Amino acid sequence: MNNRLDLKALQQHRQSIPALKDKLYGNYGGQGPMPQVALDAVSSGHQQIQQKGPFSSATNEWLKQEADLLRHAMATELGTTPESLTLTENVTVGCNIPLWGLPWQSGDRVLISDCEHPGIVAAVKEISRRYGVEVDWVSLKPPARRSPPMAIAQALHPRTRLLVISQVLWNTGQLLPFKEIVNLCRSHPPQAVRVLVDAAQSVGMLPLKLDELGADFYAFTGHKWWCGPAGVGGLYVRPDALESISPTFIGWRGIRIDREANPIGWQPDARRFQIATSDGPLWPSLRAAIAFHNQWGTAQQRYFRICQLSIYLWGRLNRLPQITCLLKSPPESGLISFQITPNGTPSPELHARLVQHLENQRIYLRTLLSPNCVRACVHYFTLESELDQLVAAIEVFLRQAIS
């Protein structure tokens with residue numbers, strides 16, 4: 001597959017995603033539509049469990065195999081080893097594992113950006129309340145006065161123990177220069193700062209090699225850009241960071257037992273953070289979704305097309321009167337956030353009305369609260385004609401709403 005659009009092949013590929021047949025979908029950053037093979041895998045997995053016996057040695061062996069196969073598939077996509085990955089339910093669970101697993105002491109500090117998801121912000125604030133940890137904030141919202149690495153460097157403190165940050169900012173779509181940020185944290189005196197990444201908007205979009213990226217903890221999900229089922233994701237734990245955190249929630253999947261069923265220690269790798277019973281049929285479903293994307297092209301080729309589409313939509317939106325994109329240059333991601341500014345000031349009311357106006361036409365975007373804006377998402381299988389349709393619908397709304 002070359003980087004130029006083979007429209008016929010792409011349209012055939014799209015036909016395997018049922019949700020795209022009757023709508024213009026632009027909410028991949030919230031949840032991706034599942035390909036038919038992933039939908040079928042959920043049903044097939046449940047049927048196998050019932051046929052083998054819901055609690056039987058055959059079912060237990062099947063579940064173990066499927067968990068191992070998924071960790072291998074994830075590791076291949078993410079440029080790491082299966083031993084570095086633990087299966088979770090979502091990004092929030094993945095972030096909470098290191099957040100609560102670190103041995104916090106009163107007076108420690110955690111640095112977090114002002115573009116993080118409220119669920120992660122709430123966890124950091126509760127850690128601060130319980131343990132006397134100081135929370136420092138680094139501003140990345142536009143218009144940012146400094147580059148992200150410079151802003152982070154100035155916000156680090158001698159007692160900073162952890163940086164909590166996203167690789168792709170969920171509200172602006174900005175892709176951060178991550179290796180530079182990680183190197184900055186690793187060389188910070190008097191001791192290295194651990195880095196926890198909220199990867200909700202990067203896994204399934206970016207070509208990744210986590211072992212080279214250098215982050216200590218990298219929490220991701222399968223239901224957004226991988227277009228897998230809701231309820232299965234993962235956490236990457238860098239091998240040299242494994243012993244720096246301890247399990248908080250503990251269950252049989254994360255421990256080793258002796259012949260008398262006594263717990264004798266953790267699993268030797270990242271599996272120690274797994275807890276207990278999960279929805280096993282989701283594992284082959286996500287694996288099927290990952291394989292589906294690889295049928296069209298490599299991760300690099302898919303990302304290249306996402307950026308092409310992002311540039312195209314960003315340019316079209318910038319030519320509309322009363323529309324202001326949050327970023328002054330095209331985002332290096334599939335997230336394009338914009339504001340309606342009839343008097344030079346963003347209008348939350350018009351944002352909400354626009355999203356509802358579009359949804360009435362089966363065009364799906366969403367509003368965000370901070371910064372208040374409308375967010376559109378493009379995936380590699382989005383069509384240019386769909387983006388033209390979206391822009392035309394926005395133009396009609398603007399003519400009707402602003403006169």
Side-chain angles (χ1 to χ4, degrees), residues 1-14 16-17 20 26 28-29 32-33 35 37-38 70-82 84-85 166-170 173-183 197-215 218-228 233-234 236 238 286-315 327 329-336 376-384 386-387:
M1 181 72 62
N2 58 39
N3 284 327
R4 291 189 297 177
L5 171 64
D6 183 337
L7 186 59
K8 184 176 180 180
L10 190 63
Q11 288 175 330
Q12 290 177 342
H13 190 63
R14 283 169 51 95
S16 298
I17 306 176
L20 299 183
Y28 301 100
V37 289
L70 178 57
R71 289 168 73 231
H72 275 82
M74 287 176 167
T76 299
E77 291 297 303
L78 301 179
T80 186
T81 61
S84 299
L85 298 175
S166 299
Q167 187 170 10
V168 175
L169 302 183
W170 76 294
Q174 183 178 6
L175 172 65
L176 300 184
F178 227 77
K179 292 195 73 171
E180 185 177 352
I181 291 171
V182 169
N183 290 338
V197 183
D198 179 333
Q201 303 300 337
S202 48
V203 165
M205 183 200 300
L206 304 179
L208 291 167
K209 295 182 178 179
L210 295 188
D211 287 345
E212 296 179 10
L213 189 67
Y218 198 88
F220 58 93
T221 185
H223 76 274
K224 294 182 185 285
W225 296 91
W226 264 341
C227 301
Y236 165 84
R238 188 175 177 85
L286 179 54
R287 191 159 50 87
I290 293 171
F292 169 81
H293 298 305
N294 285 324
Q295 291 173 359
W296 190 82
T298 65
Q300 184 64 50
Q301 289 168 331
R302 297 194 299 270
Y303 175 61
F304 181 85
R305 174 158 168 80
I306 286 172
C307 289
Q308 284 183 316
L309 294 166
S310 183
I311 291 169
Y312 181 74
L313 179 57
W314 181 88
L327 297 183
S329 58
E332 298 175 272
S333 73
L335 307 172
I336 306 96
C377 303
V378 297
H379 216 313
Y380 71 91
F381 44 73
T382 302
L383 301 175
E384 283 89 344
E386 290 182 304
L387 302 184

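This one's a predicted model, so the numbers in the text were calculated from it and none came from an experiment.
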State whether the side chain of [X] and the backbone N or O of [Y] hold a donor-acceptor pair below 3.5 Å, judged by distance alone.
{"X": "Ser333", "Y": "Gly173", "result": "yes"}
{"X": "Gln174", "Y": "Leu327", "result": "no"}
{"X": "Lys224", "Y": "Ala200", "result": "no"}
{"X": "Arg238", "Y": "Ala215", "result": "no"}
{"X": "Trp225", "Y": "Leu206", "result": "no"}
{"X": "Gln301", "Y": "Thr298", "result": "yes"}
{"X": "His293", "Y": "Trp226", "result": "yes"}
{"X": "Thr80", "Y": "Asp211", "result": "no"}

Counting C-beta onward and ignoring hydrogens, is there a side-chain heavy-atom pair between [X] and [Y] closer than 4.5 Å?
{"X": "Leu169", "Y": "Gln201", "result": "no"}
{"X": "Thr382", "Y": "Tyr28", "result": "yes"}
{"X": "Ser84", "Y": "Leu210", "result": "no"}
{"X": "Glu386", "Y": "Val378", "result": "no"}
{"X": "Leu85", "Y": "Phe220", "result": "yes"}

From [X] [atom1] over to [Y] [atom2], what is the distance, rounded to the nearest 0.5 angstrom?
{"X": "Leu335", "Y": "Cys377", "atom1": "CG", "atom2": "SG", "value": "5.0 Å"}
{"X": "Leu78", "Y": "Leu208", "atom1": "CG", "atom2": "CG", "value": "6.0 Å"}
{"X": "Phe304", "Y": "Leu309", "atom1": "CZ", "atom2": "CG", "value": "10.5 Å"}
{"X": "Leu70", "Y": "Leu286", "atom1": "CG", "atom2": "CG", "value": "5.0 Å"}
{"X": "Ser310", "Y": "Arg305", "atom1": "OG", "atom2": "CZ", "value": "12.0 Å"}
{"X": "Gln308", "Y": "Leu313", "atom1": "CD", "atom2": "CG", "value": "14.0 Å"}

The side-chain hydrogen bond (donor to acceptor under 3.5 Å, both in side chains) partners of Tyr303 (sequence neighbours excluded) come to none
Subject >> Check: Glu77/Asn294 side-chain N/O donor and acceptor closer than 3.5 Å >> reply: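 Yes, Asn294 and Glu77 have a side-chain donor paired with an acceptor closer than 3.5 Å.
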(message) Is it true that Gln167 and Tyr218 share a donor-acceptor pair across their side chains at a distance under 3.5 Å?
(response) yes
*asked:* Please evaluate residues Ile181 and Leu176 with respect to the criterion side chain to side chain contact (heavy atoms under 4.5 Å, CB included), reporting the C-alpha separation (whole Å), side-chain torsions for both, the decisive distance (0.1 Å), and the verdict.
replied: CA-CA 8 Å; Ile181 291 171; Leu176 300 184; 4.0 Å; yes
Which heavy atom of [X] sits nearest to which heavy atom of [Y], and what is that distance?
{"X": "Gly228", "Y": "Ala289", "value": "CA-CB, 4.0 Å"}
{"X": "Val182", "Y": "Gly214", "value": "CG1-O, 3.4 Å"}
{"X": "Leu10", "Y": "Trp296", "value": "CD1-NE1, 3.4 Å"}
{"X": "Gly32", "Y": "Cys227", "value": "CA-SG, 4.0 Å"}
{"X": "Pro82", "Y": "Ala75", "value": "N-CB, 3.6 Å"}
{"X": "Ala73", "Y": "Arg287", "value": "CB-CG, 4.0 Å"}

message: Phe292: which residues meet the ring pair (Phe, Tyr, Trp, His ring centres under 6.0 Å) condition with it, sequence neighbours left out?
response: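 Only His13 meet the ring pair (Phe, Tyr, Trp, His ring centres under 6.0 Å) criterion with Phe292.
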Take the angle between the ring planes of His379 and Phe381 and call it parallel below 30°, perpendicular above 60°, tilted in between. parallel
